[in-house]
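All remarks here apply to the structure that follows.
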Amino acid sequence: MKKSILKTLQSTIQGDVFSQKEFREFYSVDASSYQIIPKIVVVPKNEKDVINTVKIAKKFKTSVTVRGAGTGLVGSALNNGIILEMKKFDSFKLAKDYVTVGTGTMKGRLDEKLEEYKKFFPPNPSIGSFCSVGGMLGNNSSGSRSLKYGSVIDNVIEITFIDGNGKKITLPKNKRVAKKILEFTKKIDEKKFPNVTKNSSGYRIDKVESIHDAHKVVIGSEGTLGIILSANLKIKDSPKKRILFIIEYKSIRDAIENCIEVNKTGPSAIEFVDRTILVQIKFKFDKNTKCLLFVEFDEKISLNEKKIKSIITGKIVKKLKKDTDISQWWKYRDSSLHYSLKSIKKEKRFPHIIEDAAVPLENLQKLFLALNKINKKYKTRSIVYGHAGNGNIHVHLISDRKIANIKNIAIQYFDEIIKLGGTITAEHGDGLARSEFIKKQYGVKNYQVFKEIKKFFDPKNVLNPGKIITTKSTIVKNLENF
Ligand SMILES: Cc1cc2nc3c(=O)[nH]c(=O)nc-3n(C[C@H](O)[C@H](O)[C@H](O)COP(=O)(O)OP(=O)(O)OC[C@H]3O[C@@H](n4cnc5c(N)ncnc54)[C@H](O)[C@@H]3O)c2cc1C
């Protein structure tokens, strides 16, 4: 008699295999608005388990979706086949200017370990310690300091992963595969790639300039090209000093205009929060304050202090130099998602869909205009905050949750963002919310190259199917509690 997939996994995998309802329900949600119940959850103990899971899934024609800490906002780690939970891959080995980490390592543990050596890994998502290295690689995550140091994709030297055939590949070391990736690069229409400093949409083949960059195509691929086991991450010396300015503005327009000039001074961060967020910060701002900029420098402190005072039109209400004060104010900024959800009644919360676009900085005013148009047309209101220096603004709509409006709003907003030379997602990935818009973002020619890349690594569509490459609309399907 033919053995079932569950029995086959149980008799092969050295780690754990679960099919009980409570486990499947736990892994059916993440920090997004979606829910999909998987059939089986596998917690691999070692590399061999990952390879065997992929091979068994392929044989039984089901899928494998790798999951980190499940803090993703667009359902990228949800699927209906096997969920692969990587928590046992939590190794750490330090070299001079890089660290080799297992992808199940939590960001908090990585930071703590690096701090012991006065080093840091620059990309710092606002979720802080609670995400995993695998999820950061999967989403090509970034954070406030990506303004100076780039996203994850700019800070990785090497990755080792298992592809959709169950083959182990190390890039860029594997010259055969690296050369093949470079061939894909030559086919792309570069003009159709967004002109932004951060981008987590589609496959970042535009980042592959030589075979030494070949690994970058897998970073940000949301587990659709490979299951990353470990990565060599670039690390930097922790800055000796930092200075953080909190600047209040009576108009959003003035704040955004200032971002362009401030950006030219080389800050480590320029972040924005609107009035809904700032009223929840424990500080008495002027009652007419509409928004704040958080501007941080981690070098040439006194020179930059002079420069910024001569540039800005807002009022500096805090100049912070002590590490504890700086951390406290970054906690306020990092709590923006929490503050915004707190201020919207549950039944008025719009799902995380148009929440992560970025445009060239000179077009940031126009992103706000695009949002105003949506608010007017659909009688919605919006809460906004984010990584203004990168032109990347997070949006929370307050609306009466009409399913038809969700898709129409997304279409209108993404069309405007693409027209402005922007990306529909700067750091959170495409997932269930945005994968169907990738063809629109990149055009037919580039989408065809993306399909060829997917076929090269995963010919049987075993790895996280329905994400990035898809013919289906998933934007309003599987929305939980709608
Ligand atoms: C309050 C809040 C604030 C946030 N702020 C930010 C922010 O500032 N910047 C930012 O970038 N993001 C932010 N996020 C989104 C999210 O937290 C990050 O993108 C995070 O890095 C995801 O990590 P994770 O471990 O939770 O990944 P998961 O959600 O588990 O997975 C994310 C994707 O990565 C893939 N993946 C996981 N492990 C691997 C692996 N080993 N190999 C290949 N692919 C893998 C998954 O399949 C999935 O597609 C925020 C989320 C919340 C809830």
Side-chain angles (χ1 to χ4, degrees), residues 27 29-34 44 47 50 54 63-79 82-90 101-108 110 121 123-146 151-153 156 159-164 198-200 215 218-231 269 271 330-331 333-341 352 355-356 358 385-387 390 392 394 396 425-432 435 457-458 463-468:
Y27 288 99
V29 288
D30 56 4
S32 74
S33 315
Y34 297 100
E47 179 184 308
V50 178
V54 172
S63 62
V64 180
T65 297
V66 57
R67 177 178 171 114
T71 67
L73 288 161
V74 285
S76 309
L78 307 181
N79 225 317
I82 299 169
I83 296 291
L84 201 66
E85 148 74 87
M86 297 294 282
K87 66 182 175 196
K88 294 193 175 159
F89 288 69
D90 67 343
V101 274
T103 48
T105 308
M106 295 297 283
K107 169 76 161 54
L110 174 66
F121 177 60
N124 60 327
S126 303
I127 188 73
S129 46
F130 302 104
C131 59
S132 72
V133 170
M136 291 178 75
L137 289 157
N139 279 353
N140 181 25
S141 296
S142 34
S144 53
R145 293 185 180 128
S146 294
S151 306
V152 166
I153 203 164
V156 180
I159 55 170
T160 296
F161 61 99
I162 306 301
D163 75 1
K198 275 165 73 175
N199 177 17
S200 284
H215 56 297
V218 180
I219 298 171
S221 69
E222 298 177 39
T224 63
L225 301 180
I227 294 157
I228 308 172
L229 304 175
S230 66
E271 297 280 306
W330 276 126
K331 270 192 197 131
R333 158 62 191 92
D334 289 344
S335 301
S336 296
L337 176 56
H338 168 67
Y339 291 152
S340 55
L341 292 178
H352 303 288
E355 46 86 59
D356 185 37
Y385 59 87
H387 314 290
N390 287 106
N392 175 204
H394 299 314
H396 282 272
T425 175
E427 52 180 30
H428 301 162
D430 296 302
L432 295 166
S435 289
F457 285 112
D458 183 25
L463 303 177
N464 205 2
K467 314 291 163 54
I468 301 188

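Excluded from the calculations below are hydrogen atoms, water molecules and symmetry mates; all remaining heavy atoms, backbone and side chain alike, are included. The model shown is predicted, which means the values in this text are computed figures rather than measured ones. As the structure lists them, so they are numbered: ligands from 1, and atoms in each ligand from 1.
Less than 4.0 angstrom separates some heavy atom of Thr103 from each of these atoms of ligand 1: 41 (N). Per-residue contacts place Ser132 under 4.0 angstrom from the following atoms of ligand 1 (heavy atoms of the residue considered): 24 (P), 25 (O). Which parts of ligand 1 touch Gly138 is read off a 4.0 Å heavy-atom cut-off, strictly below it: atoms 34 (O), 35 (C), 44 (N). Against a heavy-atom cut-off of under 4.0 Å, Gly226 is close to the following atoms of ligand 1: 43 (C). Those atoms of ligand 1 that come under 4.0 Å of a heavy atom in Leu73, given as number and element, are 50 (C), 51 (C), 53 (C). Using a 4.0 Å cut-off to heavy atoms of Ser141, the atoms of ligand 1 that qualify are 11 (O), 18 (C), 19 (O), 20 (C), 21 (O). Each of the following atoms of ligand 1 lies closer than 4.0 Å to a heavy atom of Ser126: 5 (N), 6 (C), 7 (C), 8 (O). Less than 4.0 angstrom separates some heavy atom of Gly68 from each of these atoms of ligand 1: 25 (O), 28 (P), 30 (O), 37 (C), 38 (N).
Here the side chains of Val50 and Phe89 are in contact, with some heavy-atom distance below 4.5 Å. In this structure the side chain of Ile162 reaches within 4.5 angstrom of the side chain of Leu229, judged on heavy atoms.
Some N or O of Ile228 is nearer than 3.5 Å to an N or O of ligand 1, by distance alone. Considering backbone and side-chain atoms alike, Gly70 places an N or O below 3.5 Å from some N or O of ligand 1. For Gly143, no nitrogen or oxygen atom sits less than 3.5 Å from a nitrogen or oxygen atom of ligand 1, counting backbone and side chain alike. Note: an N/O pair closer than 3.5 Å links Asn139 and ligand 1 by distance alone.
Of the heavy atoms in Thr71, both backbone and side-chain atoms come closer than 4.0 Å to ligand 1. In Lys467, neither the side chain nor the backbone holds a heavy atom less than 4.0 Å from any atom of ligand 1. At a heavy-atom distance under 4.0 Å, atoms from both the backbone and the side chain of Ile127 approach ligand 1. Contacts between His387 and ligand 1, counted as non-hydrogen atom pairs separated by less than 4.0 Å, involve the side chain only. With a heavy-atom cut-off of 4.0 Å, Leu229 does not touch ligand 1 at all.
Evaluated by nearest non-hydrogen atom to atom 29 (O) of ligand 1, the leading choice among Ala69, Gly72, Ser336 is Gly72. Taking each of Thr425, Val66, Thr65, Val64 in turn, the one with a heavy atom nearest to atom 44 (N) of ligand 1 proves to be Val66. Selection from Cys131, Gly102, Pro125 by nearest heavy atom to atom 20 (C) of ligand 1 gives Cys131.
Regarding atom 12 (N) of ligand 1, its nearest protein heavy-atom neighbour is His428 CD2, 3.3 Å.
Assignment of Asp30 to the shell around ligand 1 is not supported, since no heavy atom sits closer than 4.0 Å. Heavy atoms of His338 come nearer than 4.0 angstrom to ligand 1 in no pair at all. By the 4.0 Å heavy-atom criterion, Pro123 is excluded from the residues contacting ligand 1. No heavy atom of Leu137 sits closer than 4.0 Å to any atom of ligand 1.
Atoms CG and OG, on Leu73 and Ser33 in that order, are 8.5 Å from each other to the nearest 0.5 Å. Remark: Ser129 OG to Lys107 NZ distance equals 8.5 Å, nearest 0.5 Å. To the nearest 0.5 Å, the span separating CG on Asn79 from CG on Leu84 amounts to 12.5 Å. A distance of 8.0 Å separates CD1 in Ile153 from NE2 in His215, rounded to the nearest 0.5 Å.
Within 6.0 Å of NZ on Lys87 lie no more than 12 heavy atoms contributed by other residues, nucleotides or ligands.
Taking every heavy atom of both residues into account, Ser142 and Pro123 meet most closely at CA-CB, 4.4 Å.
Ser32 and Asp30 share a side-chain donor-acceptor pair at under 3.5 Å. Asp430 and Thr425 form no side-chain donor-acceptor contact under 3.5 Å, judged by distance and modelled atom types alone.
Between Arg333 and Glu271 there is a salt bridge, since a side-chain N of the basic residue sits under 4.0 Å from a carboxylate O of the acidic one.
Below 30°, between 30° and 60°, or above 60°: for His396 and His352 the angle between ring planes is above 60°, a perpendicular geometry.
Here the two rings, on Tyr385 and Tyr339, have centers that are 6.0 Å apart or farther.
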